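First the structure, in the form of structure tokens, and then the observations on it.
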Amino acid sequence: MLSNIRIVLVHTFHPGNIGATARAMKTMGLTQLVLVNHPRAFPDEEATRLAAGATDVLDNARCVSTLEDALQDCVQVVGASARLRSMPLPHFDEPDDMAQQVIANAHQAPVALVFGRERSGLTNDEIRCCTHQVSIPANPDYGILNLSQAVQILAYEVHRAWRRRDDSDFVYQRPLEAAPPSREQFGYFQEHLGRLMHESGFLTQPHARTEEQLQALFSRAQPSRKELSLLRGLLSAFEAHLPKQ
């Protein structure tokens with residue numbers, strides 16, 4: 001689905017914005033970049049520098065002469081604009097609503113998100129090439145976003161809508177230290193804890209529920225493997241100081 005989502009930049013003036021856009025795209029799994037009306041300078045060292053490793057997106061970018069050339073195979077075209085237009089296009093007030101529909105359509109065919117010039121955005125004629133409009137809610141007194149910032153926000157919403165689908169197979173990154181222990185490892189800890197409580201004389205009543213309550217406490221705490229290992233080390237240290245039987 002993400003490979004069917006196209007970012008289209010119309011008449012971008014600053015090459016650094018192209019590089020920053022490539023970086024914003026790659027962080028969200030998007031790879032299809034189309035540049036309309038041949039940018040003033042591209043390829044360019046500034047674009048490469050600001051891409052910060054997303055040079056594959058730049059290398060594969062397509063340059064086309066007209067917006068129509070960039071969109072002819074798309075089933076949905078969303079124009080990003082901060083200005084309200086009088087044209088009767090469906091308008092998304094919230095980017096996440098837009099993203100859900102874009103992801104659903106990208107399941108079968110290409111879709112495009114279109115961004116205009118740094119200073120003036122998309123023209124009315126360019127908006128007419130779109131099927132939808134989207135705005136990014138912002139401070140009404142200062143709703144000015146850099147081009148790559150706008151791309152980043154919409155790309156994030158698209159990636160968010162995709163990863164929440166059951167068929168995305170997205171795996172959230174977690175530190176290795178946070179891996180939960182296996183039931184076997186947790187069982188060893190409980191056995192160790194119970195043995196130490198008996199050997200230390202902490203448990204003096206044969207039918208006390210203390211052991212069960214402590215096991216429930218550690219189950220609720222959900223310690224990681226590393227934390228459980230630290231607890232077992234602590235138990236071993238205490239055990240070493242018990243009088244020999």
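All heavy atoms count here, side chains included; hydrogens, waters and symmetry mates do not. Note that the structure is a prediction, hence the values are computed from the model and not measured. Nothing fancy with the numbering, it's 1 onward along the sequence.
No side-chain heavy atom of Val36 sits less than 4.5 Å from a side-chain heavy atom of Leu9. For the pair Leu242 and Ser200, the minimum side-chain heavy-atom distance is below 4.5 Å. Proximity of Leu33 to Ile18: side-chain heavy atoms (C-beta onward) are separated by under 4.5 Å at one or more points. At least one side-chain heavy atom of Tyr172 sits less than 4.5 Å from a side-chain heavy atom of Arg163. Using a 4.5 Å heavy-atom threshold, the side chains of Arg117 and Thr12 count as separate. Between Lys26 and Asp56 there is a side-chain heavy-atom pair separated by less than 4.5 Å. In this structure, the side chains of Leu231 and Phe218 come closer than 4.5 Å at one or more pairs of heavy atoms. Within the 4.5 Å cutoff, no side-chain heavy atoms of Leu50 are placed close to those of Arg23.
Remark: Leu113 CG to Ile7 CD1 distance equals 4.5 Å, nearest 0.5 Å. Separating the CD atom in Glu211 from the CG atom in Leu193 is a distance of 7.0 Å, to the nearest 0.5 Å. Rounding to the nearest 0.5 angstrom, the gap separating the CD1 atom in Ile127 from the NE2 atom in His132 is 12.5 Å. Separating the CD atom in Gln76 from the CD1 atom in Ile5 is a distance of 9.5 Å, to the nearest 0.5 Å. If you take CG on Leu203 and CG on Leu214, they are separated by 8.0 Å, rounding to the nearest 0.5 Å. Annotation: the span from Phe92 atom CZ to Glu157 atom CD amounts to 12.5 Å, rounded to 0.5 Å.
Judged by distance alone, the side chain of Ser135 and the main-chain N or O of Ser81 form a donor-acceptor pair under 3.5 Å. The closest donor-acceptor contact from the side chain of Ser224 to the backbone of Glu227 lies under 3.5 Å. Checked by atom type and distance alone, the side chain of Arg6 pairs as donor or acceptor with a backbone atom of Ala70 at under 3.5 Å. Panel note: side chain Thr131, backbone Val77; a donor-acceptor pair is recorded below 3.5 Å. In this structure a side-chain-to-backbone donor-acceptor pair under 3.5 Å is present from Glu118 to His14. Formation of a donor-acceptor pair under 3.5 Å by the His241 side chain with backbone atoms of Ala237 is found in this model. Panel note: side chain Ser229, backbone Arg225; no donor-acceptor pair is recorded below 3.5 Å. Side chain of Ser219 to backbone of Gln215: a donor-acceptor contact under 3.5 angstrom is found. At distances below 3.5 Å, not a single donor-acceptor pair connects side-chain atoms of Asn37 with backbone N or O atoms of His11. Put simply, the side chain of Glu126 gets close to the backbone of Thr123: a donor and an acceptor are under 3.5 Å apart.
Criterion: ILVMFWY side-chain heavy atoms under 4.5 Å apart, direct or through other members. Under it, Ile103 and Ile136 are part of a common hydrophobic cluster. There is a path of hydrophobic side-chain contacts, each under 4.5 Å, that joins Leu30 to Met1. Hydrophobic clustering of Ile, Leu, Val, Met, Phe, Trp and Tyr side chains at less than 4.5 Å, counting indirect connections, keeps Leu35 apart from Phe13. If you chain together hydrophobic residues whose side chains sit under 4.5 Å apart, Leu228 and Leu230 never meet in one group. Linking ILVMFWY side-chain heavy atoms closer than 4.5 Å, directly or via other members, places Val111 and Met28 in two distinct hydrophobic clusters.
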**Message:** Is there a side chain to side chain contact (heavy atoms under 4.5 Å, CB included) between Asp167 and His107? Walk through the geometry before answering.
**Reply:** CA-CA 11 Å; Asp167 57 355; His107 189 68; 4.0 Å; yes
**Working for side chain to side chain contact (heavy atoms under 4.5 Å, CB included), residues Leu67 and Val8** = CA-CA 8 Å; Leu67 184 55; Val8 180; 3.9 Å; yes
**Pair Phe238-Leu196, side chain to side chain contact (heavy atoms under 4.5 Å, CB included): steps then yes or no** = CA-CA 8 Å; Phe238 289 159; Leu196 183 59; 4.0 Å; yes
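Other residues, nucleotides and ligands contribute only 12 or fewer heavy atoms inside 6.0 Å of the CZ atom of Phe202. The number of heavy-atom neighbours closer than 6.0 Å to CD of Gln185, taken from other residues, nucleotides and ligands shown, is above 12. Within 6.0 Å of atom CZ in Arg165, more than 12 heavy atoms from other residues, nucleotides or ligands are found, so the atom counts as buried in its surroundings.
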Enumerate, atom names and distances included, each donor-acceptor pair closer than 3.5 Å involving a side-chain atom of residues 142-155, sequence neighbours excluded.
unit_1	atom_1	unit_2	atom_2	d
Asn146	OD1	Ser148	N	2.8
Asn146	OD1	Ser148	OG	2.6
Asn146	ND2	Asn17	OD1	3.4
Gln149	OE1	Asn146	N	2.8
Gln152	NE2	Ala24	O	3.3
Gln152	NE2	Thr27	OG1	3.4

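Judged purely by distance below 3.5 Å, without hydrogens or angles, the side chains of His192 and Glu239 pair a donor atom with an acceptor atom. Defined by atom type and a distance below 3.5 Å, a donor-acceptor pair is present between the side-chain atoms of Asp93 and His91.
Aromatic rings of Tyr188 and Phe186 (six-membered ring for Trp) have centroids beyond the 6.0 Å cut-off, not under it.
Between Ala80 and Leu122, the closest heavy-atom pair is O-CD1, 3.8 Å. Between Pro181 and Pro223, the closest heavy-atom pair is CD-O, 3.0 Å. Closest approach of Leu58 to Gly19, counting heavy atoms only: CD2-CA, 4.2 Å.
Taking the six-membered ring where tryptophan is involved, the planes of His159 and Trp162 are tilted, since the angle between them lies from 30° to 60°.
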